[in-house]
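In what follows, every chain begins at residue 1, and chains take the letters A, B, ... in the order their sequences are listed.
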Amino acid sequence: MTDRFVAKEVAAKNPDAGFKLGELIFVERVASAVAKGNTGLADAWNKALAETMADGSYKAVSQKYFNEDVRCD
Amino acid sequence: MKFFKVIATAVAVCAAFSVQARTIEAIQKDGKILIATEGQFAPFNYFKGTTLTGFEVDVAELVAKKMGLKVQWKTIGFDALLTGLKQDRWDLVIASHAITDERAKAVSFTAPHYCSGGLVVAMDPAIRNAKDLAGKVVAVQTGTSYLENVQKVANIKDMKNFPTDVGARSALVSKRVDA
């Protein structure tokens, strides 16, 4: 049991080791942080983030680093 | 008159020391958003030579652009990031913080920009999920959140701790553990 991305990298770097990657056992939602209560900024950020997820720009960055779309479902 | 001066000075001093988090309006007026990250966590935020880069850096640049803002980056030790927010040293932190109740007491989180989690790694392709871990010996790195999480979700036979992730993986290859 290890971090999703660490596991991916290890499997990629050790293709002959025979590691089989299973499923996510528990999920961590990873986010940005703002000062407590600064909802105006958080809302503006969320709106812009959603736009990048809708227009393909987020996906392109995700593919570049991970060869998959790493957004939360 | 003197009394008034004392009060006025006191108020002025108070105003100088009372920092408010910058609102989106203030940030937009300024045209730039101050974002802090660590820069030591490839591939999420790290330095390629002297250039800060990574998945989170790229995403933040995208998002800021949508907001019509330029990013001014600040890199600092991980432990100082969220505290710096409370001190209003920067506007936002993006550094792979998982949303937790504990952290949410001290800061406000945005919507998540990616999901990660504990992944099952095994030599046997049949061992894939929590159900498959029942009755198995599982290796985790000491002190990680995987320890409690594995115990919470699976009916495992036994758990073995290793000081390093690499150690846990060696145990897997040598079949001392199942996953």
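Proximity to chain A (any heavy atom under 4.5 Å) is restricted, for B:R22, to the backbone atoms N, CA, C and O. Contact of B:L172 with chain A is made through the side chain alone, with heavy-atom distances under 4.5 Å. Looking at A:Y58, the atoms closer than 4.5 Å to chain B (heavy atoms on both sides) sit in the backbone and in the side chain alike. For chain B, the nearby parts of A:S62 are the backbone and the side chain; heavy atoms of each come within less than 4.5 Å. In this structure, chain A has no heavy atom under 4.5 Å from any part of B:K65. Residue contact with chain A, scored on non-hydrogen atoms closer than 4.5 Å, involves the side chain of B:V138 exclusively. The part of B:D124 that comes within reach of chain A is its backbone (N, CA, C, O), which places non-hydrogen atoms under 4.5 angstrom from that chain. Proximity to chain A (any heavy atom under 4.5 Å) is restricted, for B:I27, to the side chain, taken from C-beta onward.
Taking the charged nitrogens against the carboxylate oxygens, A:K8 and A:E68 do have a contact shorter than 4.0 Å, which makes a salt bridge. For the pair A:K13 and A:E9, the salt-bridge criterion is met [side-chain N within less than 4.0 Å of a carboxylate O]. Salt bridge absent: B:D158 and B:K136 never bring a charged side-chain N and a carboxylate O closer than 4.0 Å.
Within a 6.0 Å radius of NZ in A:K20, more than 12 heavy atoms belonging to other residues, nucleotides or ligands are found. Few gaps surround CD on A:Q63; more than 12 heavy atoms of other groups in view lie less than 6.0 Å from it. Annotation for B:K74: atom NZ does not count as buried by contact number, only 12 or fewer foreign heavy atoms lying within 6.0 Å.
Chain A forms the most heavy-atom pairs under 4.5 Å with one residue out of B:M67, B:H113, B:R103, B:Q28, and that residue is B:H113. Put simply, of B:S96, B:S116, B:A111, the one with the most heavy-atom pairs under 4.5 Å next to chain A is B:S116. When B:L92, B:I35, B:I24 are compared by the number of non-hydrogen pairs under 4.5 Å with chain A, B:L92 comes out ahead. Per-residue heavy-atom pair counts under 4.5 Å with chain A were compared for B:S108, B:A139, B:A126, and the maximum is reached by B:S108. Comparing A:V30, A:V70, A:L41, A:N38 by how many heavy-atom pairs each has under 4.5 Å with chain B, the most go to A:V30. The residue among A:A48, A:C72, A:S32, A:A50 with the most heavy atom pairs within less than 4.5 Å of chain B is A:S32. Listed options B:A36, B:A95, B:G54 were ranked by heavy-atom pairs under 4.5 angstrom with chain A; first place goes to B:G54. If you tally non-hydrogen atom pairs under 4.5 Å between each of B:A130, B:A168, B:A98, B:A122 and chain A, the highest count goes to B:A122. Heavy-atom pairs under 4.5 Å with chain B peak, among A:D3, A:N14, A:V27, A:D69, at A:D3. Chain B forms the most heavy-atom pairs under 4.5 Å with one residue out of A:M1, A:K47, A:M53, and that residue is A:M1. With respect to chain B, the highest number of heavy-atom pairs below 4.5 Å among A:G37, A:A42, A:A11, A:G18 belongs to A:G18.
Here the side chain of B:N155 pairs no donor or acceptor atom with the backbone of B:A134 at under 3.5 angstrom. Although no hydrogens or angles enter the test, the distance criterion places a donor-acceptor pair under 3.5 Å between the side chain of B:D132 and the main chain of B:N129. Under the 3.5 Å distance criterion, the side-chain polar atoms of B:K70 are left unmatched by any main-chain donor or acceptor of B:E61.
Ring centroids of B:Y114 and B:F44 are separated by less than 6.0 Å, placing the two rings close together. Residues B:Y46 and B:F41 keep their aromatic ring centres 6.0 Å or farther apart.
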